[in-house]
There are 2 protein chains.
Amino acid sequence: MDELDSAIVRLLQEDARQSNRDIARKVGIAPSTCLERIRLLRKRGVIRGYHADIDLNALNRGVQAIVAAQIRPLTRDVVDAFERSLAQLPEVISVFTIAGSDDFLVHVTAQDIDHLHAFLLERFTSRREMVTFRTSIIYQHHSKQVLDPLPEVRH
Amino acid sequence: MDELDSAIVRLLQEDARQSNRDIARKVGIAPSTCLERIRLLRKRGVIRGYHADIDLNALNRGVQAIVAAQIRPLTRDVVDAFERSLAQLPEVISVFTIAGSDDFLVHVTAQDIDHLHAFLLERFTSRREMVTFRTSIIYQHHSKQVLDPLPEVRH
DNA sequence: TTTGAAAATATCGAAAT
DNA sequence: ATTTCGATATTTTCAAA
């Protein structure tokens, strides 16, 4: 990851659909070099993928919430099964496994408040491993789409 | 948003860098039609952008945490200023404004635990509007990259 | 890394279904 | 309204320097 790679990564975060040629021009290298660099970044796992960012309203997901969940026992089996089953639910869009009094933060979406309520009653309340969960409606969510590398640690 | 649009949106979520030609072939329409549909989806704001997904470790962001923050007073001025100042911090990658006992969930990243600690001490502890905040280290974060529309509500 | 050339793709207007 | 066609511009891709 030199300066060139960082610049390429930054541009692809800004607009993943711009042409290799444009990226090459902006960072000041030949298109073929740029192409090869992007390939390597992809292969090394630095670039994990390219994804369109879609308006949740257009996906009929007008309501969002964060569910803070506590489960027991915290064994690998139970934790893994819980995570896997969450991942299968269409309403679940992201899961944070965390340390602290809560074990998970689950970012969920639904058509409206009624669907959110029904979803939580059907998929959360009834779980055997669920100890408690608290639901917080999300008023707004702003996510940074372009992240720069943080400065290296001085030795 | 008909079936065709949904299919295009799904494909662009899976891989935003595939060619218009490939997308057209996969959904079974002419490339020119596909191009026009993608343009309209973009124009209508259904597609908000295309972004490369980058490995946080490669960005020197090996540690993640969620900070649940409570601020007062909850006036528009204070809330807006708080959100704006968070957005400027390189460590902050996403902010949820929520209802409930906490007002914000702030997703932050840092080089390591020491930097996270220093960051929180410098940028959170000292704020005048901050009533309390609790920090939870993130062990894992899984985010769905492809979201389908939720079923329409029956009338 | 770059150059250069061929193959693939994007793009647009016009005509057709 | 969508598609097909044709024509051109642009881009990707790779072999060779």
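Per chain, numbering begins at 1; letters A, B, ... match sequence-line order.
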In 5'-to-3' order, the base (B), backbone-only (S) or no-contact (-) status of each nucleotide in nucleotides 12-17 of chain D, using a 4.0 angstrom heavy-atom cut-off, is SSB---
Could you tell me which residues satisfy side-chain hydrogen bond (donor to acceptor under 3.5 Å, both in side chains) with [X], sequence neighbours excluded, listed by chain and number?
{"X": "B:Asn57", "result": "none"}
{"X": "B:Arg134", "result": "B:Asp102"}
{"X": "B:His51", "result": "none"}
{"X": "B:Thr135", "result": "none"}

Which angle, rounded to 10°, do you find between the first-five-pair axis and the last-five-pair axis of the helix from C:dT1-D:dA17 to C:dT17-D:dA1?
30°
Please give me every residue in residues 46-54 of chain B whose heavy atoms get under 4.0 Å of an atom in DNA chain C, ordered by residue number.
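Hits under 4.0 Å, by residue number: none.
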Between residues 4-16 of chain A and DNA chain C, which residues have a heavy-atom gap below 4.0 Å?
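Here the set is empty: none.
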Hey, are B:Asp112 and B:His115 close enough side-chain-wise for a donor-acceptor pair under 3.5 Å?
yes
Are B:Ser94 and A:His141 close enough that a side-chain donor and a side-chain acceptor fall under 3.5 Å?
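Side-chain D/A pair, B:Ser94 to A:His141: present.
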What is the first contacted nucleotide of DNA chain C and what is the last, in 5' to 3' order, if contact means an atom lying under 4.0 angstrom from a heavy atom of chain B?
C:dT9 to C:dC12
Starting from [X], walk the hydrophobic network (Ile, Leu, Val, Met, Phe, Trp, Tyr; side-chain heavy atoms closer than 4.5 Å) and list everyone else you reach, by chain and number.
{"X": "A:Leu105", "result": "A:Ile66, A:Phe96, A:Ile98, A:Ile138, B:Ile66, B:Phe96, B:Ile98, B:Leu105, B:Ile138"}
{"X": "A:Ile71", "result": "A:Val63, A:Val67, A:Leu74, A:Val78, A:Val79, A:Phe82, A:Leu86, A:Leu89, A:Val92, A:Val95, A:Phe104, A:Val106, A:Val108, A:Ile113, A:Leu116, A:Phe119, A:Leu120, A:Phe124, A:Met130, A:Phe133, A:Ile137"}
{"X": "A:Tyr50", "result": "A:Met1, A:Leu4, A:Ile8, A:Val9, A:Leu11, A:Leu12, A:Ile23, A:Val27, A:Ile29, A:Ile38, A:Leu41, A:Val46, A:Ile47, A:Leu147, B:Ile54, B:Leu56, B:Leu59, B:Ile93"}

One thing to verify: whether B:Arg72 and B:Asp103 come together as a salt bridge, which I'm taking to mean a side-chain N less than 4.0 angstrom from a carboxylate O.
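Here B:Asp103 pairs with B:Arg72 in a salt bridge, since their nearest N and O are under 4.0 Å apart.
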Ignoring hydrogens and angles, tell me if any N or O in the side chain of A:Asn20 forms a donor-acceptor pair with the backbone of A:Leu35 under 3.5 Å.
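At least one qualifying donor-acceptor pair exists.
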Value in whole Å for how far the C1' atom of D:dT4 lies from CD of B:Glu36:
15 Å
Rounded distance in Å - CD (B:Glu3) to P (D:dT2)
15 Å
Smallest separation among heavy atoms of B:Gln64 and B:Thr109, with atom names
CG-CG2, 3.8 Å
CZ/B:Arg42: more than 12 non-hydrogen atoms of other groups inside 6.0 Å:
yes
Between A:Gln70 and A:Thr132, does the side-chain hydrogen bond (donor to acceptor under 3.5 Å, both in side chains) criterion hold? Intermediate values first, please.
CA-CA 5 Å; A:Gln70 206 179 345; A:Thr132 60; 3.1 Å; yes
NA contact type, B:Arg25, heavy-atom cut-off 4.0 Å: base, sugar-phosphate, or nothing?
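It contacts nothing in the nucleic acid.
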The salt bridge (Lys or Arg N to Asp or Glu O under 4.0 Å) partner of A:Arg10 among A:Asp148, A:Asp5, A:Asp15 is A:Asp148
